[in-house]
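Report on one structure; see the data block that follows.
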There are 2 protein chains.
Amino acid sequence: MHPHFSTKERILSAAEELFARHGFAGASLRQVTAAANVNLAAVNYHFGSKDNLINELFRRRLDELTARRLEMLEQAEAQPKPTLEAILEAFVLPALNLASDQLGGSAFMRVLARAYAEHDQTLRKFLSGNYGHVLKRFAQAIRPLLPELDKEALYWRLDFVSGALTYAMSDFGAVKRPPGRSEEDHRRQAAREFVRFAVAGLRAPE
Amino acid sequence: MHPHFSTKERILSAAEELFARHGFAGASLRQVTAAANVNLAAVNYHFGSKDNLINELFRRRLDELTARRLEMLEQAEAQPKPTLEAILEAFVLPALNLASDQLGGSAFMRVLARAYAEHDQTLRKFLSGNYGHVLKRFAQAIRPLLPELDKEALYWRLDFVSGALTYAMSDFGAVKRPPGRSEEDHRRQAAREFVRFAVAGLRAPE
DNA sequence: CGCCTGATCAAACGATCGTTTGAAGGATAG
DNA sequence: CTATCCTTCAAACGATCGTTTGATCAGGCG
């Protein structure tokens with residue numbers, strides 16, 4: 001089908017789409033390998049197990065996503081007067097670009113939202129162990145810009161922000177793309193609306 | 001185990017907890033019936049199928065939740081000058097009460113977050129068909145209070161609000177209840193923080 | 001008592017799950 | 001050419017899935 005993509009990548013892309021649609025337990029390796037046009041045994045040959053396939057699926061996207069986020073964050077902090085908007089954009093824009101630019105990026109965002117709902121220890125441990133430092137890093141960056149907010153209130157609001165972002169980026173919501181607008185415009189609109197919303201929410205008077 | 005609870009209710013409660021933890025496909029009926037201390041066949045006898053058990057699980061909680069929300073909304077609208085805060089509280093407080101007061105309410109909120117991630121048509125159709133009118137009703141109530149906001153922007157922001165609420169109430173977040181504070185105080189604090197955040201976000205200048 | 005009805009039970013149904021096996025293919029190096 | 005290594009393949013493994021079956025139990029009523 002796609003001879004220029006390797007077996008591993010075909011499996012990862014098919015898994016991304018099917019896990020997004022049916023969940024990790026709900027999509028079987030037989031569905032995945034059938035969609036990827038590879039043999040069933042290829043998953044265990046290349047990835048060892050289904051659990052490890054899931055881990056590699058996240059690693060493929062998150063390594064680059066967190067790198068871009070921290071990169072933009074440092075650029076924002078390097079400015080003489082860093083703004084809350086710039087910091088939030090450093091968090092939102094890389095995710096938006098992943099979701100709209102890259103093939104299957106939208107499916108990955110839905111998979112990511114599923115990961116938040118997983119209380120199984122294996123995946124949670126993997127994600128928080130490898131990527132948990134990013135959220136803390138952003139909290140540190142935001143804190144001096146909201147000195148009047150006590151620590152607990154800030155954490156509350158950051159929780160609200162990440163919840164809203166995850167939800168909004170996963171296409172779960174009611175806002176449908178109008179027929180006349182391109183996918184990219186739709187997502188840029190979403191990012192603009194989201195940053196406005198989040199900045200105002202974080203700045204709410206105590 | 002709980003002789004004063006019927007078989008149906010024991011199944012519903014056990015399913016709520018296990019579906020919250022492992023997902024709909026990830027938790028088996030054998031796990032559910034074992035946790036509920038009932039026979040495996042009891043699920044198909046009382047509910048017909050696993051899918052219908054899931055539907056009834058939502059119906060048990062959502063009927064009362066939406067009733068309380070609409071009730072509080074009408075009270076807020078009956079005031080001479082309805083405030084955005086009062087309307088949002090009508091949306092938030094019943095959910096928070098469910099999550100903290102009722103046994104298993106917290107698990108139900110996590111199940112609800114999972115439902116948002118389900119793109120399978122069966123559950124989505126059931127939920128939007130039975131409870132989709134509530135969000136529209138709240139949008140109608142909020143709209144005259146934010147006349148400067150165009151319709152699309154309002155829907156965006158309401159999406160963010162429900163996403164933030166869903167994730168915040170599902171214990172996915174970082175905010176844990178401090179040891180010295182009662183559950184009720186924690187919930188009231190969460191509601192206060194959330195309403196402040198949401199009001200400010202909704203009122204963000206265009 | 002005998003009869004009926006609804007609930008619960010152990011057991012089994014076929015289907016599907018993740019994983020493993022051993023053989024076959026296909027390219028490269030000596 | 002043969003030998004080697006990586007990959008792919010069909011087939012099967014035991015386990016577990018949702019669902020169904022038919023027997024058994026308990027209680028109300030004539």
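Reminder, nothing fancy here: chain letters follow the sequence lines and each chain counts from 1.
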Q) Between C:dT16 atom P and A:His22 atom NE2, what is the distance in whole Å? A) 14 Å
**Q.** A:Leu29 CG - D:dC13 P separation (whole Å)
**A.** 20 Å
Q: Please state whether the rings of B:Phe160 and A:Phe197 are parallel, tilted or perpendicular, taking 30° and 60° as the class boundaries.
A: tilted
Q | Distance in angstrom units between A:Leu18 CG and C:dG18 P, rounded | A | 12 Å
Q. OP1, OP2 of D:dC17 versus side-chain N and O of B:Ser28: anything below 4.0 Å?
A. yes
Q) Whole-Å distance between D:dT7 C1' and A:Arg10 CZ? A) 12 Å
Q) Does B:Glu17 pair with B:Arg110 as a salt bridge, N-O distance under 4.0 Å? A) yes
Q: Return no unless some side-chain N or O of A:Asn39 is found under 4.0 Å from OP1 or OP2 of D:dT7.
A: no
Q) What integer distance in Å separates B:Arg30:CZ from D:dA15:P? A) 14 Å
Q. Should A:Arg203 and A:Glu85 count as an ion pair when the cut-off is N to O under 4.0 Å?
A. yes
(Q) Under 3.5 Å, is there a donor on one side chain and an acceptor on the other for B:Asn39 and B:Tyr45? (A) no
Q.
Looking at A:Thr7, I'd like to know whether one of its side-chain N or O atoms comes within less than 4.0 Å of OP1 or OP2 on D:dT7.
A. no
Q. Does a side-chain N-to-carboxylate-O contact under 4.0 Å join A:Glu77 and A:Arg137?
A. yes
Distances under 3.5 Å between nitrogen or oxygen atoms of protein and nucleotides 22-24 of chain D:
none

Q) Expressed in angstrom and rounded to an integer, what is the separation of A:Lys8 atom NZ from D:dC6 atom P? A) 14 Å
Q: Tell me which residues in residues 42-54 of chain B put a heavy atom below 4.0 Å from DNA chain C, sorted by number, or none.
A: B:Tyr45, B:His46
Q: May I have the distance from A:Leu40 (atom CG) to C:dT21 (atom P), rounded to whole angstrom?
A: 14 Å
Q. Any salt bridge between B:Glu64 and B:Arg59, counting N to O under 4.0 Å?
A. no
Q | Ionic contact status for A:Glu16 with A:Arg60, cut-off 4.0 Å | A | yes
Q: Measure from CZ on A:Phe24 to C1' on C:dG18 and round the result to the nearest Å.
A: 17 Å
Q | Distance, nearest 0.5 Å, that separates CD of A:Gln31 from CZ of A:Arg21 | A | 10.0 Å
Q) Parallel, tilted or perpendicular: which describes the rings of A:Phe138 and A:Phe91, with under 30° parallel and over 60° perpendicular? A) perpendicular
